[in-house]
Amino acid sequence: MAQISLTFPDGNSRSFDAGVTPAEVAASISSSLAKKAISAQVDGRHWDLAWPIEQDAAIAINTMADDAPALELIRHDLAHIMARAVQEIWPEVKVTIGPVRDHGWFYDFDRAEPFTPEDLGRIEAKMRDIINARDPVKTEIWERDRAVAYYEERGEPFKVELIDRIPGDEPLRMYWHGPWQDLCRGPHLQHTGQVPADAFKLMNVAGAYWLGDSSRPMLQRIYGVAFRNRNDLKAHLTMLEEAAARDHRKLGREMDLFHMQEEAPGQVFWHPNGWTIYTTLQDYMRRKQRAGGYREINTPQVVDRKLWEASGHWEKYQHHMFIVEVDESRDGENDDAAVRDKAQTRINALKPMNCPCHVQVYKQGLKSYRDLPLRLAEFGSCARYEPSGALHGIMRVRGFTQDDAHIFCTEEQIESECARFIEYLANVYAELGFPTFEIKFATRPEKRVGTEESWDYVENALEQAIRKTGRTYTLEAGDGAFYGPKLDFYLTDAIGRVWQCGTFQVDPNLPERLDAEYVGADGDRHRPFMLHRACLGSFERFIGILIEDSAGRLPFWLAPRQVVVASIVSDANDYVAEVVAALNAKGVRAEADTRNEKINYKVREHSLGKVPAILAIGAREVEERTVSLRRLGEKQSRLLSLDEVVAELAAEACPPDMR
RNA sequence: GCCGGCAUAGCUCAGCUGGUAGAGCGCGUGAUUUGUAAUCACGAUGUCGGGGGUUCGAGUCCCUCUGCCGGCACCA
């Protein structure tokens with residue numbers, strides 16, 4: 001028999017018969033390792049203990065102590081155990097696919113009846129039975145025809161389709177968990193009992209399209225989470241509770257920031273507190289933009305379809321636009337919108353984006369190469385008819401305002417403009433409390449316009465720009481727009497969630513379509529490039545992110561109510577008013593609370609309202625002209641003179657770019 | 001848009017198999033002058049999301065519309 005050489009993590013090599021399995025390798029090392037082994041890494045690939053190794057390779061045996069492979073196997077086996085449980089309870093259910101994902105797995109089923117929350121309990125109980133049975137896991141490689149025939153006979157059409165979609169050179173691996181069989185690329189544990197029975201939980205049921213295609217049947221997806229032990233599961237469930245507690249929709253109500261109602265789905269009614277955050281952030285961005293070399297403009301909301309046809313948006317996004325039809329023959333007598341005179345009706349759309357309007361501004365007056373780069377910024381209020389199922393609080397809305405700008409420039413200026421934008425964005429993110437961010441670089445897609453030379457040049461310019469700023473990126477090959485590459489900027493919040501906010505996109509297409517040009521040094525007319533860029537994305541969504549990142553405890557300068565001055569006795573009311581006035585005079589948002597309530601009551605209420613500073617004023621403070629400062633979340637309070645507290649809080653109320 | 005769930009007082013929620021609506025907080029009034037996360041008493045909460053149907057009778061059952069929630073699809 002042929003021999004192969006396996007190299008261990010410590011650098012030593014040993015020779016084995018070809019076709020040796022990791023289980024046999026582990027047993028050859030020690031019986032305790034054989035017992036603990038759950039899988040192996042073979043040349044870096046996650047390898048089932050039962051799969052034969054046919055050639056020289058680097059090998060490492062995994063045990064439950066190895067975090068990533070252990071979780072992978074536990075979750076993967078649970079997907080199968082859950083599918084088996086479902087088919088044991090409801091044999092008519094068809095199985096499809098069940099991958100590992102996030103903190104657990106999901107499995108999609110085809111079943112006429114919906115699964116109920118009670119069903120999840122039944123399935124969980126059955127899963128524990130399967131785990132306790134310690135059923136062996138077996139794997140075999142089958143010929144395609146045999147597997148297809150097997151699934152056809154068993155009435156599993158989805159599996160048959162899956163086999164059709166697996167590339168012909170890939171071996172088809174059949175797995176058995178006890179008597180139950182599934183098609184799976186593996187690897188798996190050796191028996192079901194290796195899965196911890198008390199560290200998983202079925203979370204919810206949801207619809208999901210077969211193969212993620214909305215023209216395909218809707219299946220029922222059951223989500224589960226799983227960990228190596230009960231404590232990790234508990235920690236995860238606690239984390240979910242914490243995430244729910246910082247939900248911006250809940251905090252928005254509790255802090256009286258905004259509301260939404262069904263007459264205007266997907267649009268925000270901002271309350272005074274929320275609008276204070278919004279305008280404070282907008283004022284900040286306006287200063288940053290000005291300092292960054294942008295000229296601010298403002299463009300129309302309601303624009304004739306002709307412009308959208310010219311820009312190409314009408315063809316592609318008509319169904320996602322709010323259409324406004326106006327019968328211009330109306331005379332005040334017969335204004336019923338339902339009986340419009342078609343010939344006289346003008347069709348407009350609420351602008352879903354700002355770029356075509358910005359090109360119109362650019363086109364006023366002939367531009368020279370000396371005018372470039374021209375950076376036009378707008379807090380552009382846009383309306384998009386988002387599908388109802390996509391709406392989510394203020395994070396995904398139908399009416400929103402972008403911190404949008406378009407840079408008109410020459411090809412040679414792309415690199416420096418890109419680098420300049422990355423620095424601008426990095427500075428803004430840092431000042432807003434997000435010191436690190438990730439860049440994703442999306443390059444030319446298969447379906448594209450433009451020459452290869454042009455793509456080469458522009459992609460290279462973006463890469464050089466990133467390099468120049470000393471940053472790294474991850475490549476998203478093929479994910480660019482049909483006309484140009486783009487950068488997306490992702491920040492991470494306090495509980496580890498990642499949000500795409502900024503974007504930078506190179507567009508030679510729209511200037512072409514809308515006929516923008518400039519006169520070059522050579523006296524000829526040329527096409528400018530257009531760079532679409534946003535830093536926050538939309539104010540609505542970014543404020544949602546800020547709220548969730550901070551759990552409502554916004555940075556002092558952004559907090560809508562910065563200070564409450566609370567009286568302890570009514571004799572202090574005059575002095576309270578004086579303190580409030582002194583703070584207001586220095587630009588601090590302070591308000592008085594002289595209600596006839598105990599200080600405990602006031603502290604509790606304003607703490608729940610996330611007010612960052614409470615000043616308590618009793619007889620002593622009046623006497624000494626001091627205040628007692630209590631910071632949100634702190635138990636201790638500090639006694640300060642009026643001047644001291646005004647100076648301290650005024651400094652904090654100052655936006656970061658003005659310090 | 002698709003699948004499933006939900007919609008009761010300002011908020012959070014109770015209301016069993018149909019028999020003419022309830023709690024806590026908040027709100028109002030009064031008392032209390034209070035020292036860092038809920039002072040006490042009294043009082044009012046409402047077309048049970050809209051429309052239709054079944055029934056002697058519907059918050060409760062059925063249909064439908066709207067919105068919200070969880071996913072999926074979408075996100076210029």
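Small disclaimer: the values here were computed from a predicted structure and weren't measured. Atoms considered below: every heavy atom in the structure, side chains included; atoms not considered: hydrogens, waters and symmetry mates.
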### Query
Quick one: is B/G1 close enough that its OP1 or OP2 comes under 4.0 Å of any side-chain N or O from A/Ser388?
yes
### Query
Can you tell me how far C1' of B/C6 sits from CD of A/Glu262, to the nearest Å?
14 Å
### Message
Using modelled atom types and a 3.5 Å cut-off, is there a donor and acceptor pairing between side-chain atoms of A/Tyr575 and backbone atoms of A/Ala619?
### Response
no
### Query
How is the base pairing of RNA chain B summarised as a dot-bracket string, given the Watson-Crick and G-U wobble criteria with both distances under 3.5 Å, [ ] for crossing and | for another strand?
(((((((..((((.....[..)))).(((((.......))))).....(((((..]....))))))))))))....
### Query
How far does CH2 of A/Trp308 sit from CD of A/Gln318, to the nearest 0.5 angstrom?
13.0 Å
### Query
What nucleotide, of B/C11, B/C74, B/C72, holds the atom closest to the side chain of A/Arg101?
B/C72
### Query
Are A/Phe489 and A/Phe421 close enough that their ring centers fall under 6.0 Å?
yes
### Task
Give a yes or no on whether a donor-acceptor pair under 3.5 Å exists between the nucleobase atoms of B/C2, that is its base, and the side chain of A/Arg216.
no
### Query
So does A/His392 get a side-chain nitrogen or oxygen closer than 4.0 Å to the phosphate oxygens (OP1/OP2) of B/C68?
no
### Message
Please determine whether a side-chain nitrogen or oxygen atom of A/Arg249 lies at a distance below 4.0 Å from atom OP1 or OP2 of B/C69.
### Response
yes
### Message
Does the protein touch nucleotides 35-41 of chain B at the base, only the backbone, or not at all? Give it as B, S and - per nucleotide, heavy atoms under 4.0 Å.
### Response
BBBBB--
### Message
Tell me whether the side-chain N or O atoms of A/Tyr209 pair up with the base of B/G71 as donor and acceptor below 3.5 Å, since no angle test is needed here.
### Response
no
